[in-house]
Amino acid sequence: MDPLYKPQGVEQRWQQTWEEEGLYGADPDAPGETFVVMHPPPNISGSLSLGHCLQLSLEDTLVRWHRMRGFNTLFQPGYDHAGISTWAAIGRTLAEEGRNQRDLGREGFDAYVQEWLERYGGTIMSQFRQLGASLDYRRTRFTMDEGYYRAVMRWFVHLYERGFVYRANRIVNWCPLDQTALSDLEVEHEDEDDTLSYVRYPLADGSGAITIATVRPATILADVAVAVHPDDERYREFVGREVVVPFVERLVPVIADERVEREFGTGALKITPGHDPTDFEIGRDHGLAELTVIGPDGLMSDAAGELAGLTQEEAGRRVLDWASERGQLEKREHYRHSVGHCERCHSRVEPLVMPQWWLAMEELAAPAIASVKEGRVRFTPERFARVYLDWMENVRDWCISRQIWWGQRIPVWYCPDGHVTVAETEPAACGDCGSAELRQEEDVLDTWFSSALYPFATLGWPDETPELARYYPGSVVTTAREIIFLWIARMIFSGLELIGLDPYSDVLIHSTLLNPEGKRMSRTYGTAIDPEEALGPYGADATRYGLLKVTSSQDPRFSFGTIEEGRKLANKLWNASRLLLMAGAAEAEARPSSVEERWILARIDATRAEFEADLAAFDFAHAVQRLYRLTFDDFCDWYLESIKPRLAEEDVRATAFAALERLLKLLHPVMPHVTEEIWTNLPARETRLIVAPWPEPQAEFAADLHALDEAQTAARLYRRSGVRIELGGDSLRIFEAVVRPSGDGQGDVEAERGRLRKEVERSERMLANEKFVANAAPEVVEGERQKLEQYRAELDALG
RNA sequence: GGGCGCGUAGCUCAGCGGGAGAGCACUCGCUUCACACGCGAGGGGUCGCUGGUUCGAUCCCAGCCGCGCCCA
């Protein structure tokens, strides 16, 4: 064994061995309580980031821990077709060649994306393996594979038959670049500088005018009303009268509606149901027409008459010029407001009225709200339950159709007579008229529509497979904050709707890793750190440790510091093991004959209990910190140093190996490779650590948990000042073995006395405060009294 | 506009009512027979600011000031 532990090579060897020996495999026929983690399937449109590694590290720690505890574990891998994301990514690649997706044709695009899939899909799975993630790779699923596709079709038809899916002409978020509708959740709001134009709309009878403020003057062409707040005194007399829309000179009514913000602009709002979501709702309630003057390409449409074909900016200028010439442009002012953008291509989203497929949410949401309210699904940290509930309780219908070619095609067929047939597979004839001339709906489904089925579609649903029976519902799902609505909420309601059970009991929202500058890691902005930068030089174990160490804060800035700490821990373990192995073989059996041996066994067991509690609470940062302290302080600094003089005794070595085995077991879920490598070097070791049983509680040595206190106190004093306090028996022996004191032990006694006198004074002052003694908790006062006694005793010991 | 989180040592972060902590970095000492990628010691902080509650506040409350995120 080399004095320096080098993870390179070792890690890969174990990853291969574990997988080849089938130790990652989930067996539905095997015994044991189940523990299931469905790893959120990454998009095939990219490679992994360190953020993914963090997520994978905490999942794998939980999975390995449960596997060792004898659970029947399934750690499910897969990847996501990621509809618009992949569509946009491929679009960017094609654009460099001067082409676009639609140039390829629908089949050509499918072929192109297959290549893409093999390339990125392969990279992703090899990155999973490189981190030591013990996923059952044989079960890798893809959200567009044949079985999964069938599940999505069943889901759609089910919802259609329940009356939840419907097609309607409503306002949608339209991405003019990707040429598709988006759901509300796929729109990013960003603040932008704009100009607010105040335009006068004359009353039809010429008796005055009403001024509105708009940032989109081009849409004036599609105005169908002006609205004011019903309680707004300024405009009360205008309600019910007609005004003339500038440029198009159309007569439209002035209406009253409570949704108008009185404080915005002049308090009068132009109503354009065809191009604004709020106006759309107001329009529907007032029975107004839905005129559109902007086309799917974001340019002015034919309906814009002489302005057809112009950009909105140019059209807006023309409209304002028109108003200005007639004295109807009152003023223009700077205005900063939030504008919707496509989250994938960042184009400005165009609200347009068009037919799309929708999922009615209210009835589906109700049981999913109850699951969280009643604690069947728990969020960690708890506050995210509130975030989930706030959204679910106000959830709006979900636009599920997309006008791209990548995704599950909506299973709806139309005949020439306009009849609609909905079926899981292509029907032979129209369900209404029997016509064989069927044309399938061109649209595909929102990628999240299929992701919603992940916890059971991966297990073979809608077939009744052994996997489905065994591994649904699952246990824990972990994800980033922004995925709560997109995925978590949808998995819960779809699981409840189709199977009647929540998909998991725990939702763990993990921290979002920032780059060292405090910016979000993003591959497109070049602010991401490639996992290879950590995995290459430090190895997977150190990377896992370092990432877990930092999961207690919400948005930690990435630094190599904690990974370096992990590397040190691996190296320390390695060398501690070398010490024991070089001392000679012995069977691993706890046969403690001295207090420090009983003490380390007690310390390991106490840490085991605390570590278990930490993991149960998903507190990985503290869990990992405990292992570091146990290894460095307890095991190496005190235990190994104190038994060194007796390592020739076989019983001492036997106990040491037993202790080391327990230590390795505790560390394995966090640092699987180095622990397995050491394990395999231990004498007479035949099993694999990955499937070795988790340590049972060991209470028989608990009485000695504090047995080294005296020696440790003496060591602190001696190391600080050179002063030796009188020790006897075991404490003296351990002190001398660990500290190896030299010199006369006189040291700076006077300085120590001074330090202790100060402590005594502080303590006495506190206890002399009647209000403290009267008001503080009794145990606090008692604690202070004991400290005072301790200081006085130490002062006496110095003579 | 609504909501949430975070400001603690040079850096990354713990602590969250009773004497300010860790790792890294820095200074000093030590080649000591597992590890010098080691061991030991040390310097370094008005715990963002201002009020309040309390015998006692980094911790609780309120208001500011910065940073970040989510929703609309």
Side-chain angles (χ1 to χ4, degrees), chain A residues 1-6 184-185 187-189 261 263-264 277-278 337-338 340 381 383-384 386-388 390-391 394-396 480-486 509 511-512 514 516 518-520 537-538 542 545-546 549-583 619 621-622 624-625 628-629 632-633 635-637 640-641 644-645 647 715-716 718-722 738-742 758-759 761-763 765-777 779-784 787 791:
Chain A
M1 288 172 84
D2 201 297
L4 180 63
Y5 173 67
K6 297 189 187 77
D184 294 338
L185 291 175
V187 176
E188 279 182 358
H189 297 267
E261 283 179 58
E263 294 73 28
F264 174 77
T278 308
H337 65 139
S338 118
R383 62 190 140 87
F384 290 111
R386 192 69 256 160
V387 174
Y388 166 93
D390 284 347
W391 187 76
N394 298 293
V395 70
R396 298 162 66 171
R481 297 193 285 284
E482 64 268 23
I483 308 299
I484 294 174
F485 313 136
L486 287 165
I509 304 300
S511 32
T512 301
L514 303 179
K519 298 286 176 224
R520 215 191 168 86
Y538 297 95
Y545 175 95
K549 182 76 191 286
V550 97
T551 50
S552 49
S553 20
Q554 182 164 267
D555 296 314
R557 290 183 182 207
F558 175 76
S559 93
F560 285 103
T562 55
I563 295 181
E564 176 66 22
E565 195 176 310
R567 197 195 53 73
K568 277 178 54 179
L569 177 55
N571 194 242
K572 195 71 176 172
L573 265 181
W574 181 253
N575 278 294
S577 309
R578 282 179 67 223
L579 171 68
L580 293 178
L581 287 164
M582 290 190 297
D619 185 354
H622 289 99
V624 130
Q625 190 173 15
Y628 185 93
R629 293 265 80 96
F632 272 81
D633 301 351
F635 196 83
C636 293
D637 290 355
L640 288 184
E641 292 301 335
K644 255 183 195 173
L647 271 178
R716 264 193 302 277
Y718 175 79
R719 284 165 170 169
R720 183 171 59 227
S721 63
V738 174
V739 180
R740 294 182 218 166
S742 59
K758 265 187 171 168
E759 295 288 8
E761 270 174 43
R762 186 198 59 81
S763 204
R765 206 167 35 242
M766 241 177 130
L767 288 165
N769 181 347
E770 283 172 32
K771 286 181 172 173
F772 168 70
V773 178
N775 294 319
E779 60 270 22
V780 171
V781 178
E782 184 48 36
E784 200 55 45
K787 271 192 260 177
Y791 295 135

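Throughout, a chain's letter reflects where its sequence line sits, starting with A, and its residues are numbered from 1.
Going from atom CZ of Phe384(A) over to atom C1' of C70(B) covers 9 Å, rounded to whole Å. In this structure, Arg762(A) places its CZ atom 12 Å from C1' of G56(B), rounding to the nearest Å. Distance NZ (Lys568(A)) to P (A22(B)): 13 Å, rounded to an integer number of Å. With rounding to whole Å, Gln554(A) atom CD is found 16 Å from A14(B) atom C1'. In this entry the distance linking CD of Glu482(A) with C1' of G68(B) reads 13 Å, nearest Å. Nucleotide C55(B) holds its P atom 14 Å from the CD atom of Glu770(A), rounded to whole Å. To the nearest angstrom, P of C71(B) lies 13 Å from CG of Asp390(A). Atoms CG (Asp633(A)) and P (G38(B)) sit 14 Å apart, rounded to a whole Å.
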Sequence-aligned protein contact record of nucleotides 8-13 of chain B, with B where the base is within under 4.0 Å of a protein heavy atom and S where only the sugar-phosphate is: ----SS

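Not a single donor-acceptor pair under 3.5 Å links the side chain of Trp574(A) to the backbone N or O of Lys6(A).
G48(B) and C33(B) have their P atoms separated by 46 Å, given to the nearest Å. Remark: the separation of the P atoms in C26(B) and A34(B) is 27 Å, to the nearest Å. Across the C1' atoms, U12(B) and C70(B) are found 25 Å apart, a figure rounded to whole Å. Comparing G23(B) with G18(B), their C1' atoms sit 27 Å apart, to the nearest whole Å. To the nearest whole angstrom, the two P atoms, one in C6(B) and one in G15(B), are 10 Å apart. C37(B) sits 16 Å from U27(B) when the P atoms are compared, rounded to a whole Å. Here, G66(B) and U50(B) have their C1' atoms 15 Å apart, quoted to the whole Å. Distance noted for atom C1' between A62(B) and U53(B): 11 Å (whole Å).
Rounded to the nearest 0.5 angstrom, Arg578(A) CZ and Leu4(A) CG are separated by 9.5 Å. Between Arg481(A) atom CZ and Ser511(A) atom OG the span is 8.5 Å, to the nearest 0.5 Å. For the atom pair Arg567(A) CZ and Lys572(A) NZ, the distance stands at 12.0 Å (nearest 0.5 Å). Summarising the geometry, atom CH2 belonging to Trp391(A) is positioned 11.0 Å from atom CD1 belonging to Ile484(A); distances are rounded to the nearest 0.5 Å. Separation of atoms NE2 (His189(A)) and CG (Asp184(A)) is listed at 7.5 Å; rounding is to 0.5 Å. Between Ile509(A) atom CD1 and Glu482(A) atom CD the span is 9.5 Å, to the nearest 0.5 Å.
Within the nucleic acid shown, Ala774(A) has no heavy atom closer than 4.0 Å to any nucleic acid atom. Glu565(A) comes within contact range of the sugar-phosphate backbone alone, with a heavy-atom separation under 4.0 Å but no base atom that close. If you check every strand for non-hydrogen atoms under 4.0 Å, Asn571(A) touches sugar and phosphate atoms only. Within the 4.0 angstrom heavy-atom criterion, only backbone atoms of the sugar-phosphate kind lie near Lys519(A); the bases stay farther away. When heavy atoms are screened at a 4.0 angstrom cut-off, Ser338(A) is found touching base atoms of the nucleic acid.
Distances from the side chain of Arg629(A) to the nucleotides C55(B), G23(B), G68(B) place G23(B) closest.
The existence of a salt bridge linking Lys758(A) and Glu761(A) is excluded, since no basic side-chain nitrogen approaches an acidic carboxylate oxygen closer than 4.0 Å. Using a 4.0 Å cut-off between charged side-chain N and carboxylate O, Arg765(A) and Glu784(A) make no salt bridge. Between Glu565(A) and Lys568(A), none of the side-chain N atoms (NZ, or NE/NH1/NH2) sits under 4.0 Å from a carboxylate O, so this pair counts as no salt bridge.
Environment of CZ in Arg386(A): crowded, with over 12 heavy atoms of neighbouring residues, nucleotides or ligands closer than 6.0 Å.
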Dot-bracket summary - RNA chain B, pairs being Watson-Crick or G-U whose distances fall under 3.5 Å, with | when paired to another strand: ((((((((.[[[[.)..(..]]]].(((((.......))))).....[[[[[..)....]]]]]))))))).

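The side-chain heavy atoms of Leu640(A) and Leu580(A), taken from C-beta on, include a pair separated by under 4.5 Å. Between Phe485(A) and Val387(A), the closest side-chain pair of non-hydrogen atoms falls below 4.5 Å. The closest side-chain heavy-atom distance from Asn575(A) to Tyr5(A) is not below 4.5 Å.
Sequence order on RNA chain B of the closest nucleotides to Arg520(A) and Asp184(A) puts Arg520(A) first from the 5' end. Nearest-nucleotide positions on RNA chain B for Arg720(A) and Asn769(A) put Arg720(A) closer to the 5' end.
Look at His622(A) and you'll find a side-chain N or O under 4.0 angstrom from OP1 or OP2 of G15(B).
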So which protein N/O to nucleotides 32-34 of chain B N/O distances come out below 3.5 Å?
| unit_1 | atom_1 | unit_2 | atom_2 | d |
| --- | --- | --- | --- | --- |
| A34(B) | OP1 | Lys644(A) | NZ | 3.4 |
| A34(B) | O2' | Asn575(A) | OD1 | 2.7 |
| A34(B) | O2' | Arg578(A) | NH1 | 2.6 |
| A34(B) | N7 | Lys644(A) | NZ | 3.2 |
| A34(B) | N6 | Glu641(A) | OE2 | 2.8 |
| A34(B) | N3 | Asn575(A) | O | 3.1 |
| A34(B) | N3 | Ala576(A) | N | 3.2 |

